[in-house]
Amino acid sequence: MYLGTEYVVIFGGRTCSEVLDDCCAFNADTMTWVDKWKPPASTPAARHTHSASVWGQSLVVSGGLDPELHALGSIHVLDVQTCLQQGCVVWTELNTTPSFKPRYSHTSHVINDKLITVGGVTPSACPTHFVTVVDLQHGTITDINTQTFDPCWPIMLHNHTSVGRDDGTIIVIGGGGNCFSFGTHFNQSPIRIHLSVTLSGKVSSDAAH
């Protein structure tokens with residue numbers, strides 16, 4: 001939402017023949033495309049299977065696969081307000097401690113200035129069982145392992161969709177596929193992951209079907 005108007009901002013993706021690194025916006029009220037933004041001198045690597053979340057008047061893009069199918073471990077912030085005001089794209093790469101682990105096929109949400117990424121697949125080609133909390137103001141990272149259930153019924157946090165709530169609860173719908181560790185498995189029911197993210201930076205979690 002900017003000046004009372006809702007926009008859909010698109011970055012990257014792929015066609016049948018190439019992986020994209022362009023950025024554009026769609027006015028959801030008038031159902032028209034915004035005039036093409038002037039490309040920046042430098043832009044995040046072309047990617048697909050990444051995740052993007054709204055943070056105030058910015059868009060936070062994390063992870064993804066590059067044209068050579070390498071998993072990316074970067075976080076970039078797009079200043080959407082400047083894009084809409086001046087018609088030019090302004091990106092900032094977020095430096096984190098420790099480094100953001102490469103991943104793709106994850107989901108993400110921003111709650112209380114924290115980027116919360118859910119699952120994904122790592123370069124080992126096996127899905128992750130953790131939630132990562134990134135403090136967008138200070139660049140600190142905390143990984144939280146959510147794999148606390150019977151190994152016969154693991155939580156598969158890839159190829160899923162999720163909804164983040166202001167109280168720190170993440171609802172995961174669907175997900176699963178093939179993994180060298182677990183074989184073929186699909187989540188049979190929605191999963192609730194509750195994160196307690198305080199202003200002091202302390203994090204705790206529980207997860208339940």
**Study point:** Pairs where residues 82-102 contributes a residue and the test salt bridge (Lys or Arg N to Asp or Glu O under 4.0 Å) is met, not counting sequence neighbours
**Key:** Lys101-Asp143
Review point. With Ser108, which residues qualify under side-chain hydrogen bond (donor to acceptor under 3.5 Å, both in side chains), at least two apart?
Key: Ser51, Ser53
Review point. Is a donor on one side and an acceptor on the other found under 3.5 Å between the side chain of Asn112 and the backbone of Lys114?
Key: no
Review point. Could you give all pairs that pass the salt bridge (Lys or Arg N to Asp or Glu O under 4.0 Å) test and reach residues 51-65, with sequence neighbours left out?
Key: none
Atom pairs and distances, side-chain donor-acceptor, residues 14-27, under 3.5 Å, sequence neighbours left out:
unit_1: Thr15; atom_1: OG1; unit_2: Ser17; atom_2: N; d: 3.1
unit_1: Thr15; atom_1: OG1; unit_2: Glu18; atom_2: N; d: 3.1
unit_1: Thr15; atom_1: OG1; unit_2: Glu18; atom_2: O; d: 3.4
unit_1: Asn27; atom_1: OD1; unit_2: Asp29; atom_2: N; d: 2.8
unit_1: Asn27; atom_1: OD1; unit_2: Thr30; atom_2: N; d: 3.0
unit_1: Asn27; atom_1: OD1; unit_2: Thr30; atom_2: OG1; d: 3.4

Report all side-chain donor-acceptor pairs from residues 59-67 shorter than 3.5 Å, counting only partners two or more places apart or in another chain.
unit_1: Ser62; atom_1: OG; unit_2: His106; atom_2: NE2; d: 3.0
unit_1: Asp66; atom_1: OD1; unit_2: Glu68; atom_2: N; d: 2.9
unit_1: Asp66; atom_1: OD1; unit_2: Leu69; atom_2: N; d: 3.0
unit_1: Asp66; atom_1: OD1; unit_2: His70; atom_2: N; d: 2.8

Check your understanding: Has the side chain of Ser105 got a donor or acceptor atom that lies under 3.5 Å from a matching backbone atom of Asn159?
Key -> yes
Exercise for review: Name all residues meeting the side-chain hydrogen bond (donor to acceptor under 3.5 Å, both in side chains) criterion together with Thr117; count only those two or more places apart in sequence or in a different chain, and write none if there are none.
Suggested key: Arg103
Exercise for review: Mind checking ring-ring contact (aromatic ring centres under 6.0 Å, His included) for His50 and listing every partner two or more places apart, or none if nothing turns up?
Suggested key: Phe11
**Study point:** Heavy-atom check, side chain of Tyr7 versus side chain of Val80, under 4.5 Å
**Key:** no
Check your understanding: In the hydrophobic clustering (ILVMFWY, side-chain contacts below 4.5 Å, transitive), which residues join Ile171, or is it alone?
Key -> Ile173
Review point. Listed by chain and number, what are the side-chain hydrogen bond (donor to acceptor under 3.5 Å, both in side chains) partners of Trp37, not counting sequence neighbours?
Key: none
**Study point:** Listed partners of Thr49 passing side-chain hydrogen bond (donor to acceptor under 3.5 Å, both in side chains), at least two apart
**Key:** none
